[in-house]
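Note: hydrogens, waters and symmetry copies are ignored here, and every other heavy atom, side chains too, is used.
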Amino acid sequence: MTAPKEQELLAENAELRLRLEEAQETLDAIRSGSVDALVVGDDVYTLDRAHATSNKLRSDVLAQMEDAVIGMDREDRIIYMNPAAERQYGMTASQALGNERNVLYQEIWLSTADQVEATESLHKNGAYRARTMQLKHNGQEVHVESAVTALRDHLGEVNGRLEVIRDVSERHRAEAEIRHAQLTITQRERQFSTLVENSPDIFARLDRQYRHIYVSPVIERYGGQPSCHYLGKTCESLGMPPELCERWNAAVEEVFQTRSDRSISFKFTTPANDERFLEARLIPEFAEDGSVESVLAIATDFTDRERMDAALRESQARLRLTIEAARIGDWDLDLRTGEARHSARHDQCFGYAEPRADWSFEVFMAHVHPDDREFVERLFHQAVATNGEWHFECRVIWPNGSVHWIDAHGSIHQEGGQPARMLGIVADATSRKLAERALLDADRRKDEFLATLAHELRNPLAPIRNALEIMRLSKEPQAQEKARHMIERQVWQMVHLVDDLMDVSRITQGKVELRRERIDIAVAIQNAIDTSRPLIDARHHTLEARLPAPQTVFVYADVTRLIQIVSNLLNNAAKYTPEGGRIVLSAQEKDRQAVITIQDTGTGIPAEMLPRVFDMFTQVDRALERSQGGLGIGLALVRKLVEMHGGSVQAKSPGLGGGSTFEVQLPALASASTPESRPSEDRDSPQAGHAQIGPNVLVVDDNVDSAESLATMLALMGCQTQMAHDGMEAVKVAQSFLPDVVMLDIGLPLLTGHEVARHIRAQPWGQTMLLVALTGWGQEEDRRKSQDAGFNHHMVKPVDLETLDKLLAQRKLH
């Protein structure tokens, strides 16, 4: 560059600096109000002092404003900037004045509509407010809020505008964050609402007074009311059960106090009476100050799960019960090492209350009974060799030395084609084995009983046949009388056997009704002695009776059954004591018990038989050549009858050859006691007078001997009789004979006895006849059938003469 040119530029620069300084001084003078007039070119601008003062005030205000204030002329050239504008845009007023606003920023409208609206407002109203974005000269983008006012000259013409600009970027960001947060909250509330309204769970909010401030719609399924019905109400005001209200309120209060979650399970019954099981989680909801302002309850219906769990628990309980009852244990034997895994139940089958740690095949075999070891081990090796099953029953010896039975089953499990393990189960079979033995013993006793029954029934048949032969062959009155007595004795022996059997059956089925009354035990025992005296005397025994004084010891008992108890024990002592023995019978009151003791010098009872001596069909010695008669049911009857009276009976014996002692204990009554009792039946024997004229009797039996013998006996009792031997004949004879009494067998040909009775009752002449069923069947069901057919009485063969005599006597009175 040439020197002259350089000199020219330096001079020019100095002039510009001078002008700039003058302009700055002028501007300062204007700002201070010390200038009255301003000459710009050929134009003169005068400034009065009032305006100057006002301008000074405005200048001070503008200088102190935090918002940027920018004045622009009609061409958007900057004519004013306050200090805030300088700070906001990083440029001094001297740098910016005279330049277009782009030197500071570019304005970016957020929407065309906003720009059009602002422009129209400026033209129409001379001002507008708007939010825009500004791209500052340094490249920074900011959000601003502008208040724009038109500047007018003294003629009112618009010659520029004044903008007050506030940087709202931080506020914009905050608002954006707020909007985002609100959007998120709205979205979450919408999601919450969608979740709650479609969830099967019940959502509810409760305030500090336990009132419902929100309840989800699903509540209607349970309470039958819409959710709005619950708002503002507590559990109590909703009519919930008091116990549930108390538990619920306590749980909610705990959440308020502890500021932590709680859970509560409860049952709820719907209006449809459907019981539901629910589990609620109670969650605290916090206010801005950190306090719990409400509790959110989320109740889940776990009824199906509870029912399944209940079913599972029941199934598991049944399984446990089955396993417990069956005493089943499981085991897993390692065939390579001999070690075994085993359950506690497995060990219990071998007598261990606690599991044993060192179990193995060798330990198992050591528990097997020595007599069973060989075959158990042989079966084991056979199963391993053939990959088969190991199934066996054997005896095992428990640690206490007792012998028990087990039932075991094992299966081979292979690994790599070789036997590796044996899996199995084991059960205690002791009870089953004992039951099997008991069944075998019962079956054996049944066979022995049947053989004894046949023997006992044949015994009286032989003398009866012999007596009949004697009566046929001998006409001597003495022989006839002796034979008759023989037959009578044997018949009653057979009746006694049958009665014992019937008594056992009725007692076992609970069909025996005791006719209890206040009984003097000394009198009852004396009657029992009289009953058993013939057998005692026949075997030449000495009987010593040590009885209390009359009217001192009383019991509340059925006198007939009490006599039967004592006589059965006496008969038992007489039969099992060798001839010429001694029997001692004593009775006394001891500790409010009437104690009856019968002691003999008989064969005695082995120790192993003592627990079974009162069992049905049991005899100590069944050998036929030593049988003393009877069916082995006498002592069983004694025990059942004693227990029916609330007493007990026991047998004692030192063993074979040492005799036996039987002791009966019955509750004793105080001597002054007078309990309710039924009057005892009249036991007087039939009165004489059979020769008197009795009622007309029709005897119907297809067994001619039975019919004829009964008719003959009735004739001897003074009755007029006729006979019939089948059902059709019975109806015809009854119509022609018109008897007072019909003794009618049930098992008849042509028409049964029941059918004959119905035919007779259907006729006018048969309405008042006394119909007596005569049969060998005496069960309760048989008596009911007779009553239904129209019979007045049901008598079991053979006919008891005393009972028949009373029946006929009653008929004669009519």
Side-chain angles (χ1 to χ4, degrees), residues 312-413 419-446 607-612 614-616 618:
L312 178 60
R313 288 193 298 270
E314 183 180 354
S315 176
Q316 289 174 338
R318 283 198 297 264
L319 178 60
R320 285 195 299 271
L321 180 62
T322 302
I323 291 175
E324 184 67 23
R327 303 180 66 83
I328 296 175
D330 61 283
W331 50 271
D332 181 352
L333 176 64
D334 190 325
L335 297 175
R336 294 161 294 194
T337 65
E339 296 179 353
R341 181 196 62 78
H342 48 98
S343 66
R345 174 59 64 187
H346 168 279
D347 289 9
Q348 290 174 16
C349 292
F350 293 87
Y352 294 98
E354 298 295 331
R356 176 170 171 167
D358 60 337
W359 202 265
S360 65
F361 180 73
E362 288 73 20
V363 172
F364 160 72
M365 290 302 301
H367 285 77
V368 176
H369 193 281
D371 295 343
D372 297 341
R373 286 176 188 167
E374 182 181 353
F375 96 91
V376 170
E377 190 168 10
R378 175 166 41 82
L379 290 177
F380 172 77
H381 291 303
Q382 182 179 342
V384 173
T386 61
N387 289 326
E389 301 290 322
W390 189 35
H391 185 200
F392 61 92
E393 290 181 351
C394 73
R395 291 166 292 175
V396 294
I397 301 176
W398 282 18
N400 61 7
S402 60
V403 178
H404 297 258
W405 283 85
I406 63 168
D407 184 353
H409 192 106
S411 298
I412 298 295
H413 176 73
R421 298 160 59 203
M422 180 178 283
L423 308 179
I425 58 174
V426 61
D428 189 326
T430 306
S431 298
R432 177 168 57 82
K433 282 293 185 179
L434 292 176
E436 289 175 357
R437 287 184 178 180
L439 287 173
L440 291 173
D441 186 57
D443 187 61
R444 176 185 57 78
R445 285 161 54 198
K446 178 206 65 174
E608 67 274 10
M609 289 297 297
L610 278 173
R612 299 174 47 203
F614 292 103
D615 292 346
M616 195 73 69
T618 297

Closest heavy-atom contact between [X] and [Y]?
{"X": "Ala357", "Y": "His342", "answer": "O-NE2, 4.4 Å"}
{"X": "Pro419", "Y": "Asn387", "answer": "CG-OD1, 3.3 Å"}
{"X": "Ala427", "Y": "Ile328", "answer": "CB-CG1, 4.0 Å"}
{"X": "Met365", "Y": "Val376", "answer": "SD-CG1, 4.1 Å"}

### Message
Keeping Trp398 on the side-chain end and Cys349 on the backbone end, is there a donor-acceptor pair under 3.5 Å?
### Response
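It does hold such a pair.
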### Message
Using a 3.5 Å distance criterion without hydrogens, assess whether the side chain of Arg373 forms a donor-acceptor pair with backbone atoms of Ala366.
### Response
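Here the side-chain-to-backbone pair exists.
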#### Entry: Atom pair CZ/CD1 of Phe350 and Ile397 - distance to nearest 0.5 Å
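It comes to 12.0 Å.
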Pairing of [X] and [Y] as salt bridge, 4.0 angstrom limit:
{"X": "Asp347", "Y": "Arg356", "result": "no"}
{"X": "Arg341", "Y": "Asp330", "result": "yes"}
{"X": "Glu374", "Y": "Arg378", "result": "no"}

### Task
Determine whether Asp332 and Arg421 make a side-chain contact, defined as any pair of heavy atoms from C-beta on separated by less than 4.5 Å.
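With C-beta onward as the side chain, the pair touches.
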### Message
Just so I know, are the side chains of Phe364 and Phe380 near enough to count as touching, which here means a heavy-atom distance under 4.5 Å?
### Response
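No; the side chains remain at least 4.5 Å from each other.
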### Query
Between Phe361 and Trp390, what is the ring plane arrangement, given parallel below 30°, perpendicular above 60°, and tilted in between?
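Judged by the thresholds at 30° and 60°, the geometry between Phe361 and Trp390 is tilted.
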### Message
Using 30° and 60° as the class boundaries, would you call the ring planes of His391 and His409 parallel, tilted or perpendicular?
### Response
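Because their plane-to-plane angle lies in the 30° to 60° range, the rings of His391 and His409 count as tilted.
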### Between Glu339 and Ser360, a side-chain donor and acceptor under 3.5 Å
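The answer is no; no qualifying pair exists.
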### Query
Does atom CD of Glu362 have more than 12 heavy-atom neighbours from other groups under 6.0 Å away?
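Yes, CD of Glu362 has more than 12 neighbouring heavy atoms, counting only those of other groups under 6.0 Å.
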